[in-house]
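This report concerns only the one structure given below.
Every value quoted in this text rests on a predicted model; they were computed, and no experiment measured them. Any value given below was found using the heavy atoms of this structure, including those in side chains, with hydrogens, waters and symmetry copies removed. Within every chain, numbering begins at 1; the chains are lettered A, B, ... in the order of the sequence lines, protein sequences first and strands thereafter.
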Amino acid sequence: MTDCLTGCAESPGDFAARLLAWYDRHGRHDLPWQKDVTPYRVWVSEIMLQQTQVGTVIPYFQRFMARFPDVHALAAATQDEVLHHWSGLGYYARGRNLHRAAQQLVDQYQGQFPRQRQALEALPGIGRSTAAAILALSGGQHEAILDGNVKRVLARHRAVQGWTGEAAVQKRLWALAEYLTPAERVADYTQAIMDLGATVCTRGRPRCDACPVADDCLARAQGLQSSLPTPRPRRKQPLRQVCMLIIQGPQGILLEQRPPTGLWGGLWGFPEVASVAEASGWCQAQLGGEPVRHEAMEPFVHTFTHFRLHITPVRVWVQNPAGGVMEAVGRVWYKDTAQAGLGLAAPVTRLLNQITQEDGEINGSHGEMRNAG
DNA sequence: AACGCGGGGGA
DNA sequence: TCCCCAGCGTT
């Protein structure tokens, strides 16, 4: 007898029991968010882990918790400070959503996390899986999750064909996830299936010999481990071109805040023009004067999922603009951008480090330890 | 150089 | 209900 929707012949409890036994011996039990488990800590870790692997997330999580120990601290912070702690993680909309959701939790729920999944899903940045993860991991509630690791484990174990982004595949996987989630030890089971996906049932080379559910894994039986889950159909990536102006004035380097949404939304970066030829004109129009000189740096490529960005950095030196400086909202001159507490995109950080190093060598001050003291 | 990750939002 | 968007690290 098989279950109609899931196609499972086995009892769900058997799958969970094998996973839990494996988890007790081989799972991860010392991750920072597994200590002092609260909905807030689970939430922040889940959002960070959506886009980044555990090893990278840990230091970000520690710094974030040190600065924003609870939902009230996060709600009371400025967006700039939240994005500063998110700098380098990518997907900055999630940092902004985290901040907004914290404010809604304080405003609508006095900072207490609601226990209804639908209420959590109404918060920005929290969908079905993240809501379920918060409730299951921090409260042991009977909720099924379906993150990337779980999708991979289930698609393989039941040999589910098709890209997991397709509606029919999603539906099937959610049905499987709910069917297999046990009534007892839900938090451990949830962590167990994520751990299995992260450490054994990996994307590249699954270690089937170490898998507690390999016996009845249909992908393994059919030799499909490495071809499932079916990859997303891929499209050709367009190229975009941009010229970043690294403008050096007496007060430091000019940074502008980007629009609140879109690419690197809310972060700070260099002024941009379409081509090197427009650099002088931009300075004339925006700073009220010609640059003393400018010099193109080595161009490089920054790759996104959907396009590749060719970046040509140009160093521009301007004289004391003597009142010509426009200290408008969203524009600022910084000497030490690392201390400014601003969110910076990865290529901006890279360029700032690069020119700091170059200038240090030119000035012969490279022997000084910047971090000393 | 390709790929994955969960959710938001517009068509 | 599609379909597109986003930014890094990993492989």
Practice item. Write down the distance between CZ (A:Arg205) and C1' (C:dT10), rounded to a whole number of angstrom. Key: 14 Å
Review point. Counting N and O atoms only, with roles assigned by atom type, does the side chain of A:His142 sit under 3.5 Å from a partner on the main chain of A:Thr181, one being a donor and the other an acceptor?
Key: yes
Point to revise | B:dG8 and C:dG9, which share atom name C1', separated by this distance in whole Å | key: 23 Å
Study note, to complete from the structure: In whole angstroms, the gap separating P of B:dG6 from CD1 of A:Ile145 amounts to 9 Å
Exercise for review: Validate the cation-pi geometry between A:Arg63 and A:Tyr60: distance from NZ or CZ to the six-membered ring centre under 6.0 Å, angle to the ring axis within 45°.
Suggested key: yes
**Study point:** Options B:dG4, B:dC5, C:dC8, nucleotide nearest the side-chain atoms of A:Tyr91
**Key:** B:dC5
Review point. Between A:Met48 (CE) and C:dA6 (C1'), how many Å, whole number?
Key: 17 Å
Practice item. Check whether any side-chain N or O of A:Ser129 sits under 4.0 Å from OP1 or OP2 of B:dG7, and answer yes or no. Key: no
Check your understanding: Checking all strands, does A:Gly55 fall into the base, sugar-phosphate, or nothing category for heavy-atom contacts under 4.0 angstrom?
Key -> nothing
Exercise for review: Indicate yes or no for a side-chain donor-acceptor contact from A:Gln34 to the backbone of A:Leu31 under 3.5 Å, with no hydrogens or angles considered.
Suggested key: yes
**Study point:** Contact nearer the 5' end of DNA chain C, comparing A:Arg203 with A:Pro347
**Key:** A:Pro347
Practice item. Could you give the distance separating B:dA11 and C:dA6 at their P atoms, to the nearest angstrom? Key: 15 Å
Practice item. Return yes when atom CZ of A:Arg28 has more than 12 non-hydrogen atoms of other residues, nucleotides or ligands closer than 6.0 Å, and no otherwise. Key: yes
Review point. For the base of B:dG6, is there a side-chain donor-acceptor partner from A:Arg94 under 3.5 Å away?
Key: yes
Point to revise | Closest nucleotide among C:dC8, B:dG8, C:dA6 to the A:Asn97 side chain | key: B:dG8
Review point. Start at the 5' end of DNA chain B and walk down; is the nucleotide closest to A:Leu49 or to A:Arg100 reached first?
Key: A:Leu49
Exercise for review: Rounded to the nearest angstrom, tell me the gap between atom CZ in A:Arg232 and atom P in C:dC3.
Suggested key: 11 Å
Review point. Does any N or O in the side chain of A:Ser129 come within less than 3.5 Å of the main-chain N or O of A:Leu146, such that one atom is a donor and the other an acceptor?
Key: yes
Review point. Counting only Watson-Crick or G-U wobble pairs whose two distances fall under 3.5 Å, which nucleotide matches C:dC3?
Key: B:dG9
Point to revise | C:dC8 phosphate, OP1 or OP2, under 4.0 Å from A:Trp86 side-chain N/O | key: no
Practice item. Indicate, with a heavy-atom threshold strictly under 4.0 Å, whether A:Thr130 touches base, sugar-phosphate, or nothing. Key: sugar-phosphate
Point to revise | Neighbour count >12 (heavy atoms, 6.0 Å) for atom CD, A:Gln284 | key: yes
Practice item. Scan A:Ile47 against the nucleic acid and name what it touches under 4.0 Å (heavy atoms): base, sugar-phosphate only, or nothing. Key: nothing
Study note, to complete from the structure: Here the distance between atom C1' of B:dC5 and atom CD of A:Gln170, to the nearest Å, is 12 Å
Review point. The side chain of A:Leu263 lies closest to which of these nucleotides: C:dC2, C:dA6, C:dT11?
Key: C:dA6
Practice item. Please tell me which of the listed nucleotides, B:dA1, B:dG4, C:dC2, lies nearest to the side chain of A:Arg308? Key: B:dA1
Review point. Where the side chain of A:His302 is defined as all heavy atoms beyond and including C-beta, which of C:dC2, C:dC8, C:dC5 is the nearest nucleotide?
Key: C:dC8
Study note, to complete from the structure: In whole angstroms, the gap separating P of C:dA6 from CG of A:Leu83 amounts to 16 Å
Exercise for review: Taking only the side-chain heavy atoms of A:Thr56 (C-beta and beyond), determine which of B:dA1, C:dT10, C:dC8 contains the nearest atom.
Suggested key: C:dT10
**Study point:** Closest nucleotide among C:dC8, B:dC3, B:dG7 to the A:Gln50 side chain
**Key:** B:dG7
Point to revise | Span that lies between the P atom of C:dT10 and that of B:dG7, in whole angstrom | key: 22 Å
Check your understanding: Given C:dC8, C:dC2, B:dG6, which nucleotide is nearest the side-chain atoms of A:Asp147?
Key -> B:dG6
Check your understanding: What does A:Gly148 touch in the nucleic acid at a heavy-atom separation under 4.0 angstrom: a base, only the sugar-phosphate, or nothing?
Key -> sugar-phosphate
Review point. Starting at CD of A:Gln53 and ending at P of C:dT10, how long is that distance when rounded to a whole Å?
Key: 6 Å
**Study point:** Nearest-nucleotide comparison on DNA chain B, the residue closer to the 5′ end among A:Pro231 and A:Leu123
**Key:** A:Pro231
Check your understanding: So, is A:Arg152 close to the B:dC5 phosphate, meaning a side-chain N or O under 4.0 Å from OP1 or OP2?
Key -> yes
Practice item. Indicate whether the side chain of A:Asn97 and that of A:Arg100 have a donor and an acceptor atom separated by less than 3.5 Å. Key: yes
**Study point:** d(CD1, A:Ile134; P, B:dG7) in whole Å
**Key:** 10 Å
